[in-house]
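Just so we're on the same page: letters track the sequence lines, and every chain starts at 1. Predicted model, so just to flag it, every value in this text is computed and none were measured.
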Amino acid sequence: MNTFDAAANPRKAVNRGFYVAPPARGKKSAIALRAEIEPSSTQMIVGGVGAGKTTELLVAEPEIEAVPDMYARYVDVSQRHDLRKMDDGVLLVIAGVELAKLAPDQPKEVHEAKEQFRKWERGYVVSVPIEDDYPEDDDGEPRNYHYVHHPPVLEPPLPAFAPGTQEKLIFLRTLRAAITPHVVLILDSLDRMTDVDRFRRVVHQDVRALKAARVGLVLVGPARVLYGPDRAIADVFDHFTQQSAVDVTPASEGHGFLLRVLRKRASADMLPDPSCERLARASGGVMRDLMSLARRAGEEAYVEGSDVIKPKHVEAAVDAFGRTMFFGLRKPEIDKLQQLRTRGQFVPTTDDDIALVETRRVLEYVGPPSRFAVHPCIEALLAALAKAA
Amino acid sequence: MELPALPPVDPAEFALRVAARPDPGAWSLLVVPIDEVAPTAIDLVREIETLEGHAPVLVSPRGGGARFVAEVERYASETIVAAGVDGFTRDDWEELDLARSRLLREGEVVVVLGPDAAAELLRRAPHLASWVSSFAWTSNAEALRAEHERRKAERLADLRAWAPSMTDDDVVRLAEQGRIPGEPEYAEWLVLLGRGDLLGSR
């Protein structure tokens with residue numbers, strides 16, 4: 001059953017040949033196509049937990065690289081930097097370090113730019129003169145005045161580049177100019193950022209600076225930017241894609257896609273069609289949940305001594321999954337889920353509402369028409385709860 | 001109506017599942033009453049050692065999320081039984097979630113924790129929670145008793161469907177008369193009805 005590992009490294013799954021192209025995908029992913037058409041464009045991908053975003057990025061990387069004159073570099077930001085300390089400047093340094101690997105060591109200014117990014121990456125020490133107790137002006141005369149700052153009356157919609165951003169941008173442009181082909185950075189894991197204000201700063205400074213330096217960018221952002229006033233953050237990017245759960249309506253393209261994903265990993269001898277069908281529906285179209293349910297169903301079969309994953313093993317997995325999703329829910333949350341289940345009403349406005357989406361108790365399907373639905377694994381439990389009330 | 005509870009599991013069966021699982025890097029939760037976390041973790045280590053032939057590493061990351069990540073990275077290829085996350089704050093769980101890529105590993109991880117901490121993990125660490133959605137169990141006496149009764153009722157229903165012309169009373173009467181058929185299903189039927197004492201009268 002290790003072909004269904006939900007906690008496995010997505011790169012390993014791709015390398016093992018388990019990738020199945022999603023519906024409506026051409027020969028290349030939309031991410032790679034956009035990067036090929038507009039190499040210096042910025043793309044933001046947003047989607048729920050376990051929707052398969054990382055897999056799509058990993059597949060896009062070699063597709064971009066296969067285009068003449070294009071480099072692509074995938075970076076899992078969380079492996080390089082503590083995301084709790086994420087702030088403006090971090091992505092520029094990561095970009096500089098990656099470009100430094102591609103750039104030649106000559107001429108001198110390129111070498112210096114590479115060195116500068118290495119310093120920013122690892123930290124460095126400089127000597128700074130100790131200031132006198134008495135301030136002096138530029139001519140060395142004692143200063144008998146002070147500064148009064150008058151902020152500008154007009155404030156541009158987007159903030160100006162901070163001094164630190166401007167400095168990094170100069171070196172980044174030097175490196176970028178030294179690399180003839182196009183460069184596309186693929187930055188993963190920023191969807192885990194819960195502090196939207198920090199993410200906004202990163203976008204307003206680093207993403208705009210990367211665009212100014214003509215570095216192509218594909219970035220995974222937090223799902224929270226989809227809802228409420230934070231949606232404006234997406235406007236900074238040239239392209240914005242929402243990767244939602246796959247539509248699991250029987251006979252839909254999405255349903256067939258999920259069946260192909262399962263079949264790629266298990267033969268009909270081990271996983272007969274009825275079990276496959278049930279797993280696809282129960283997953284709600286969330287790739288990681290599909291893997292997780294299949295593996296649990298396989299474990300149930302193993303415990304029973306069966307080589308075949310029967311529908312009853314799938315039902316046990318669905319029940320266990322639903323119970324885990326239910327665990328820790330509070331009454332207001334259950335009420336919201338019931339409202340969605342019975343009336344189809346759900347508008348994510350509060351943090352608790354958004355948390356229901358982030359924890360996949362509520363799934364969003366991008367339309368048209370877009371809709372929300374409770375996760376299929378908790379639907380029966382909610383119905384039983386309502387009936388008993 | 002009570003809210004649906006986590007699936008119950010006997011600790012020995014849980015250990016068997018862990019030992020038999022072929023997946024690298026699988027994560028699972030065992031939720032127990034808070035005062036049973038430490039003894040359950042110790043028992044689990046012994047059970048898994050018996051089954052696997054070598055002891056898993058018992059870690060107690062009381063230092064918070066960063067300490068937990070460090071412990072998981074330190075023992076990257078070994079089975080880990082972790083206990084002591086019950087004092088984790090919201091920040092600890094969020095920290096763990098942010099570092100999820102660093103938690104990808106070869107060995108298996110079992111987290112033994114109390115109900116409140118489990119609820120916090122599922123709420124505050126959605127990425128990590130998505131790994132354990134199918135692999136969370138509870139182990140307490142009441143839940144196990146209820147599960148035992150559920151399984152008993154399910155098996156009795158199977159046996160009644162297997163011999164639809166027989167009722168529970170028929171099976172007991174035939175056993176009392178020493179005329180119970182020889183198939184093992186009838187012996188199991190009697191045991192499940194609490195009349196295993198009649199087996200000798202066959």
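No more than 12 heavy atoms of other residues, nucleotides or ligands shown are found within 6.0 angstrom of OH on A:Tyr302. Under a cut-off of 6.0 angstrom, the local environment of CZ in B:Arg90 is sparse, with at most 12 non-hydrogen atoms contributed by other residues, nucleotides or ligands. The environment of CG in B:Asp35 is crowded: more than 12 heavy-atom neighbours from other residues, nucleotides or ligands sit within 6.0 Å.
For the pair A:Arg360/B:Ser133, a side-chain contact is recorded, criterion being any heavy-atom separation below 4.5 Å from C-beta on. Proximity of B:Leu122 to A:Thr359: side-chain heavy atoms (C-beta onward) are nowhere separated by under 4.5 Å. Side-chain atoms of B:Leu98 and A:Met86, non-hydrogen and from C-beta on, never get closer than 4.5 Å to each other. Side-chain contact between B:Arg100 and A:Ser189 is absent, with no heavy-atom pair separated by less than 4.5 Å.
With a threshold of 4.5 angstrom between heavy atoms, B:Glu106 approaches chain A through side-chain atoms but not through N, CA, C or O. Proximity to chain B (any heavy atom under 4.5 Å) is shown, for A:Leu356, by neither the backbone nor the side chain. When heavy atoms are compared at a cutoff of 4.5 Å, A:Phe327 approaches chain B by way of both its backbone and its side chain. Of the atoms belonging to A:Ala355, not a single heavy atom falls under 4.5 Å from chain B. For A:Asp188, no part sits under 4.5 Å from any heavy atom of chain B, backbone or side chain. Looking at B:Ala136, both its backbone and its side chain come within 4.5 Å of chain A, counting heavy atoms on both sides. Both the backbone and the side chain of B:Ala118 come within contact range of chain A, judged by heavy atoms closer than 4.5 Å. Interface residue A:Ser78: backbone and side-chain heavy atoms are both found under 4.5 Å from chain B.
Contact between B:Leu6 and A:Thr324 at its shortest, heavy atoms only, is CD2-CA, 3.6 Å. Between B:Ala26 and A:Arg295 the shortest heavy-atom distance is CB-NH1, 3.2 Å.
A donor-acceptor pair is defined here as one N or O able to donate and one able to accept, closer than 3.5 Å; no such pair exists between the side chain of A:Arg323 and the backbone of B:Pro4. Distance alone, capped at 3.5 Å, is enough to place a donor-acceptor pair between the A:Arg296 side chain and the B:Ser134 backbone.
Residues B:Arg17 and A:Glu300 are paired through a salt bridge, judged by an N-O separation under 4.0 Å between the basic side chain and the carboxylate. Remark: A:Glu333 engages B:Arg123 in a salt bridge, criterion side-chain N to carboxylate O under 4.0 Å. Between B:Glu95 and A:Lys85, none of the side-chain N atoms (NZ, or NE/NH1/NH2) sits under 4.0 Å from a carboxylate O, so this pair counts as no salt bridge.
Atom-to-atom distance recorded for A:Arg192:CZ and B:Glu94:CD is 13.5 Å, nearest 0.5 angstrom. Rounding to the nearest 0.5 Å gives a distance of 5.0 Å between OG of A:Ser292 and CZ of B:Phe135. Rounding to the nearest 0.5 Å gives a distance of 3.5 Å between OG of B:Ser130 and CZ of A:Arg288. Rounding to the nearest 0.5 Å places CG of B:Asp97 at 13.5 Å from CE of A:Met193. In this structure, CZ in B:Arg102 is found 7.5 Å from CD in A:Gln79, a value given to the nearest 0.5 Å.
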